[in-house]
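In what follows, a structure is listed as structure tokens, so that the remarks can point back to it.
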Amino acid sequence: VRFVDSHLHIEGNDVASLFAFPPDNGNLLVVCGTDRATSEAALRLAGTYPELVEAFVGVHPSEGPTIQDLIWVEKALERAAGAGEIGLDPKYSPTGPGSAQRTAFLAQLESAQALKKPVQVHSRNAERECLEVLGGFTLKAVLMHWFQDEVTLQEVLGEGYFLSFGPSLLYSKKLQRMAAKCDPSQVLCESDSPVAYAPLGGVHGSFLVPSVVFKLAEVWKKRFEDARETIVENSRRYLGFLEKG
Ligand SMILES: [Zn+2]
């Protein structure tokens, strides 16, 4: 594997974006669902492109899932590489104990724990709360995706969770500061496509991942090739590939 985009979404039938990152170079894309339809699409893509795509299924905190949706996720998780994108975000609705968001997050974490699958957590402005909830579980592996909270960074690292940097690392001094404090063995890269990066001219896609690796190498004062290898190995460990051999 040459590069891994550990977190992206495919909307509708927009598979063209997958091929902005040549599969024949051994790249790997981790496609996450945000609801039932996009989770089903991720599973279909992984079936069509087994060498290129790993599917994560889950309901994003922006969605208000029904009980049936959560039961579907629990079942679909058996066929998926992991659970995501799940988490808490007060932008969309209340996140406290007893809230619909909290209930959906807990249900999906329980499923992931039972099936020993890795999870991808969205924690924007609810970092402390997410850490408290995650502390109640014994999970296979946790990725705090696009993590940007300096206050709880050391706790995330202390828990042994992975965290991912995306194209915003290229221009955000805060993220560069955070990356410098990370143990490189806990860092993954992502594009969160189709998120478009205005400071980069509005582009989006997995093809930005090598630039993120380049920036991490610079921040860590490592050779590009060493940083790339470290991140690929981390990704494989996160996904559980090293155990499979
Ligand atoms: Zn996302």
Side-chain angles (χ1 to χ4, degrees), residues 3-15 17-18 20-21 27-46 52-65 69 73 76-77 80-93 95 101 104-105 108-109 112 117-127 129-130 133-134 141-149 156 161-170 172 175 178 187-198 200 202-209 212 231 235 238-239:
F3 292 104
V4 182
D5 184 345
S6 293
H7 182 101
L8 74 151
H9 307 277
I10 297 294
E11 295 197 323
N13 292 315
D14 174 30
V15 292
S17 59
L18 292 180
F21 202 39
N27 300 310
L28 185 68
L29 308 176
V30 180
V31 177
C32 293
T34 52
D35 58 11
R36 182 171 168 171
T38 50
S39 295
E40 280 174 337
L43 285 169
R44 269 199 308 277
L45 277 172
L52 176 66
V53 174
E54 293 289 336
F56 272 53
V57 297
V59 179
H60 190 276
S62 63
E63 306 299 313
D69 290 333
V73 167
L77 193 51
E85 177 173 355
I86 63 177
L88 299 173
D89 190 332
K91 179 182 168 188
Y92 305 113
S93 62
T95 57
Q101 246 197 70
F105 187 34
Q108 295 179 95
L109 288 172
K117 301 271 185 170
V119 301
Q120 301 223 356
V121 178
H122 173 114
S123 60
R124 186 175 52 200
N125 297 324
E127 292 86 0
E129 247 179 298
C130 282
V133 171
L134 289 165
V142 175
L143 170 61
M144 304 300 282
H145 121 80
W146 198 338
F147 190 75
Q148 43 192 332
D149 182 41
V156 167
Y161 299 157
F162 292 93
L163 51 97
S164 49
F165 290 95
S168 45
L169 178 73
L170 301 176
S172 163
L175 288 176
M178 287 174 66
V187 172
L188 306 183
C189 291
E190 63 165 84
S191 70
D192 206 8
S193 184
V195 171
Y197 299 89
L200 303 179
V203 288
H204 73 87
S206 297
F207 71 92
L208 293 165
V209 166
V212 178
I231 292 160
S235 309
Y238 167 68
L239 292 166

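Computed from a predicted structure; not experimentally measured. Both ligands and their constituent atoms are indexed starting at 1 by order of listing. As a basis for the values below, the full set of heavy atoms in this structure was taken, side chains included, without hydrogen atoms, waters or symmetry mates.
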With a cut-off of 2.8 Å, does His9 put an N/O/S atom close enough to the Zn ion (ligand 1)? yes
For Phe162 and Tyr238, take the angle between the two ring planes, folded into 0 to 90°, and tell me which bin it lands in: parallel under 30, tilted 30 to 60, perpendicular over 60. perpendicular
Identify whether the distance between the nearest side-chain nitrogen and carboxylate oxygen of Arg44 and Glu40 falls below 4.0 Å. no
Would you say Cys32 has an N, O or S atom lying under 2.8 Å from the Zn ion (ligand 1)? no
Nearest N/O/S atom of Glu85 with respect to the Zn ion (ligand 1), by atom name, please. OE1
The Zn ion (ligand 1) to Asp192: nearest N/O/S atom name: OD1
Is it true that Glu63 and Thr34 share a donor-acceptor pair across their side chains at a distance under 3.5 Å? no
Under 30°, 30 to 60°, or over 60°: which ring-plane class applies to Tyr92 and His60, parallel, tilted or perpendicular? perpendicular
